[in-house]
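Each chain gets a letter, A, B and so on, in the order its sequence line appears, and its residues count up from 1.
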Amino acid sequence: MTSVTVSNKEITSKQLGIMLLALIGLGIAGGIAISNLMAEGHAAYNTNNLGLFWGFPIVIYDYFLLTSTGLAMVASMALIFGGEEYRPIIRRSLWLALAGLLGGVAVLMLELGHPLRALWAIPFSFAFSSPLYWKVMAVSFYVLSLLILQVRMMKPDWRMQDLRINAMVTLALALGVTAIAGVVYGSQSFRPFWASGDIPVAFIFESLLGGLAFIIFFTYLAYAFNAAAVPASVKRLFNDRLSTLLALAIFIHLLFVLARMSSGLYGNVEGLQVWQHIAASPLFFAEILIGLLLPLVLLMYPGTRIRPWAQILASLLVMNALLISRYEYIIGGQLVPLFKGSWAPELLSYAPSPTEWLLLLVAIFLSNAVNALGEVTLRLGREG
Amino acid sequence: MAKWGMVIDLDTCTGCQACTTACAMENNRLPGENWQDVLFYHEGTYPNVKLMWFPRPCMHCENPSCVSVCPTKATYKDPDGGFVLMDYNKCIGCKYCQVACPYGVRFYVDEKAVVQPDIRGVFPSEAGRQWDPPYKGPQDDPSRGIGIQPHGVVSKCTFCYHKVSKAPKGVADLDEDIPELKEYVPACVRVCAPKARFFGDLDQPNSNVNKMIADKRGVRLKDETGNKPQVYYLSGGATASVPSLRSMSDSDKA
Ligand code: SF4
Ligand code: SF4
């Protein structure tokens with residue numbers, strides 16, 4: 001193992017700083033959001049009974065959930081197939097997967113009408129026909145397997161081969177959660193914008209892309225974006241394998257998005273009219289050109305792919321593009337109202353309310369606080 | 001066992017919205033949250049414009065997508081009568097059923113009021129319910145979605161379960177013209193002045209509703225979804241008709 005070029009004390013103090021900032025942010029954003037909710041109830045959200053039922057909080061929840069499963073896929077595949085060179089990112093990926101999930105679930109809880117009731121009503125319902133039932137059950141086992149892996153890796157001399165079975169279970173559960181998340185939307189046959197057999201697969205690639213982007217970004221964050229402090233083994237991994245994998249994942253995600261867009265724009269299937277609206281929006285252009293194509297170029301061009309700034313920028317842009325992608329998919333699928341839309345020509349309109357934006361901050365700050373806590377207490381950087 | 005169904009004759013319906021009003025009164029609906037609605041729209045472009053209307057309750061589907069997606073079984077199909085009902089005590093307000101109902105007939109009332117002023121502020125409730133209207137129906141059965149809706153749950157039309165389920169066993173049709181049955185007739189059917197609505201047992205071959213569906217070739221809305229509604233429309237085409245598929249070309253924009 002290569003020695004860490006920055007002292008543990010330094011890392012710890014930086015991480016404590018990040019944690020403090022995240023906690024302050026969480027206190028402010030969470031405080032305002034919860035007081036808005038207490039004052040207005042769900043009227044604080046811009047969803048409505050006209051057809052836009054799942055708004056920005058669901059976008060945030062699914063974004064963080066899919067990021068989490070993507071990180072778990074990256075970590076478990078590294079454990080199963082990767083070999084020692086992947087060691088520096090495995091524990092961090094797994095911890096980030098837990099931290100991200102916590103941020104997403106917190107937002108979901110603030111969206112549900114009866115969050116506490118959900119804790120017992122779902123597991124004991126045995127509602128086998130419901131994709132949401134499967135999703136909740138799969139997420140529960142997924143968290144358990146993440147925790148077991150994390151605990152087993154607390155020993156400083158943990159060996160990859162000892163954890164393979166555990167990693168396979170985690171990988172299967174991460175894939176399962178992601179695919180079921182895809183089924184929740186993809187099975188809605190009367191919402192053509194959502195419905196498609198390839199959605200669970202598209203979700204898996206999207207998650208992987210998110211996982212790769214997040215692990216690169218948060219590894220740099222762990223060293224306070226000081227490239228000189230990043231261990232040589234990590235740099236080697238990033239310059240070589242991870243940049244290539246990230247570029248490949250961007251390319252595959254782009255293919256999925258563009259394929260769906262072309263059939264949406266070309267065909268005249270009822271309900272796909274929303275593609276004309278989406279494909280003409282500045283947000284979509286930002287997603288494709290800045291969020292996906294620019295990082296792809298940065299990572300493919302030999303002069304930039306090994307530059308830390310390019311890797312940081314590329315992952316940050318991808319993280320944003322994925323949020324836009326999630327937003328377009330979940331909101332876009334509801335813009336053509338199912339029934340009133342049968343003859344009402346207009347698409348619905350929706351923009352997140354201030355409270356809904358605050359929930360994004362809640363998820364970001366909570367995940368960052370938990371992640372920084374892990375960096376400090378579990379010393380995730382020691383693997384470098 | 002009965003399988004209750006409704007027939008709506010669009011040739012007779014005048015779009016008067018008595019059904020909407022009766023349902024709102026019977027079920028203490030908030031203004032704008034119409035379990036039973038009459039939707040107005042137009043087809044064609046000026047000068048060939050046709051004003052259309054379309055009465056639309058919950059279809060009480062035979063194969064309801066709202067039931068299959070519910071992660072808590074809060075939405076369920078009552079095997080005795082074929083009602084699709086809500087258990088307010090189990091609902092977690094995830095709104096998956098709303099997303100999955102192809103007919104847009106489910107309501108989550110905690111959001112901004114559709115109609116202003118928000119009457120919930122005028123008649124606030126102290127019992128954890130949405131509101132406390134001055135007149136309330138005597139029926140209260142949260143396990144079947146009957147009574148004033150609590151916070152954080154989705155609601156839907158019950159086919160007036162509290163009336164229909166008390167009908168004498170074995171009757172084929174609930175017709176408001178038969179004095180001893182009229183108390184059991186769903187509110188929207190009972191008040192329909194031009195008698196465009198009929199309610200009966202789809203499992204009894206000789207029921208009037210079954211005969212009407214056969215004689216006038218009753219159609220089900222969005223049958224392609226596989227939900228198999230238990231509400232049938234008779235659509236002669238003289239006035240209102242079952243809406244055609246969505247048309248979103250520029251020429252259709254008003
Ligand atoms: S119309 Fe909608 S709410 Fe009613 S039973 Fe069918 S799917 Fe469920
Ligand atoms: S909102 Fe309630 S009834 Fe609807 S799917 Fe969720 S738990 Fe079931």
Starting at OH of B:Tyr108, measure out to CG of A:Asn48 and round the result to the nearest 0.5 Å. 13.0 Å
Give the member of B:Gly93, B:Gly32, B:Ser68 that has the highest number of heavy-atom pairs under 4.5 Å with chain A. B:Ser68
To the nearest 0.5 Å, what is the distance between NE2 on A:His114 and OH on B:Tyr88? 11.0 Å
Show the numbers, then the answer: is there a side chain to side chain contact (heavy atoms under 4.5 Å, CB included) between B:Lys90 and A:Phe124? CA-CA 11 Å; B:Lys90 286 189 186 163; A:Phe124 296 113; over 6 Å; no
Let me know if B:Cys94 has heavy atoms under 4.5 Å from chain A in its side chain, its backbone, both or neither. both
Exam field: side chain B:Arg106 to backbone A:Asn49, donor-acceptor pair closer than 3.5 Å: no
For A:Phe256, is the CZ atom crowded, meaning more than 12 foreign heavy atoms sit under 6.0 Å from it? yes
Please report the shortest heavy-atom distance between A:Ala127 and B:Cys70, naming the atom on each side. CB-O, 3.5 Å
Is the backbone of A:Gly41 close enough, under 3.5 Å, to the side chain of B:Asp110 for a donor and an acceptor to pair up by distance? no
With a 4.5 Å cut-off on heavy-atom pairs, point out which of A:Trp120, A:Tyr133, A:Tyr45, A:Phe190 contacts chain B the most. A:Phe190
Which portion of B:Lys95 sits near chain A, non-hydrogen atoms under 4.5 angstrom: both
Has B:Met25 got more than 12 heavy atoms of other residues, nucleotides or ligands less than 6.0 Å from its CE? no
Separation between CD (B:Gln98) and CG (A:Leu52), nearest 0.5 Å, reads 10.5 Å
Chain B contact via A:Phe53 - side chain, backbone, both or neither, heavy atoms under 4.5 Å: both
Report, as yes or no, whether the 6.0 Å neighbourhood of atom NZ on B:Lys228 holds more than 12 heavy atoms from other residues, nucleotides or ligands. no
With a 4.5 angstrom heavy-atom cut-off, which part of A:Val184 approaches chain B: side chain, backbone, both or neither? both
Report the C-alpha distance between A:Asn46 and B:Glu111 in whole Å, list the side-chain angles of each, state the deciding distance to 0.1 Å, and finish with yes or no for side-chain hydrogen bond (donor to acceptor under 3.5 Å, both in side chains). CA-CA 8 Å; A:Asn46 273 350; B:Glu111 290 155 340; over 6 Å; no
Per-residue contact mode, B:Asn227 against chain A (heavy atom under 4.5 angstrom): side chain
Quick check against the 3.5 Å criterion: does B:Lys112 have a side-chain atom that pairs as donor or acceptor with the backbone of A:Ala43? yes
Taking all non-hydrogen atoms of both residues, which atom of B:Pro71 and which atom of A:Ser125 are closest, and how far apart? O-OG, 2.7 Å
Can you establish whether the number of heavy atoms outside A:Phe128 located under 6.0 Å from its atom CZ is more than 12? yes
Are B:Val69 and A:Leu132 close enough, and set up right, to give a side chain to side chain contact (heavy atoms under 4.5 Å, CB included), and what steps lead you there? CA-CA 7 Å; B:Val69 300; A:Leu132 270 195; over 6 Å; no
Is there a donor-acceptor pair under 3.5 Å between the side chain of A:Arg117 and the backbone N or O of B:Asn89? yes
Select, from B:Ser65, B:Cys91, B:Ala74, the one with the greatest count of heavy-atom pairs under 4.5 Å involving chain A. B:Cys91
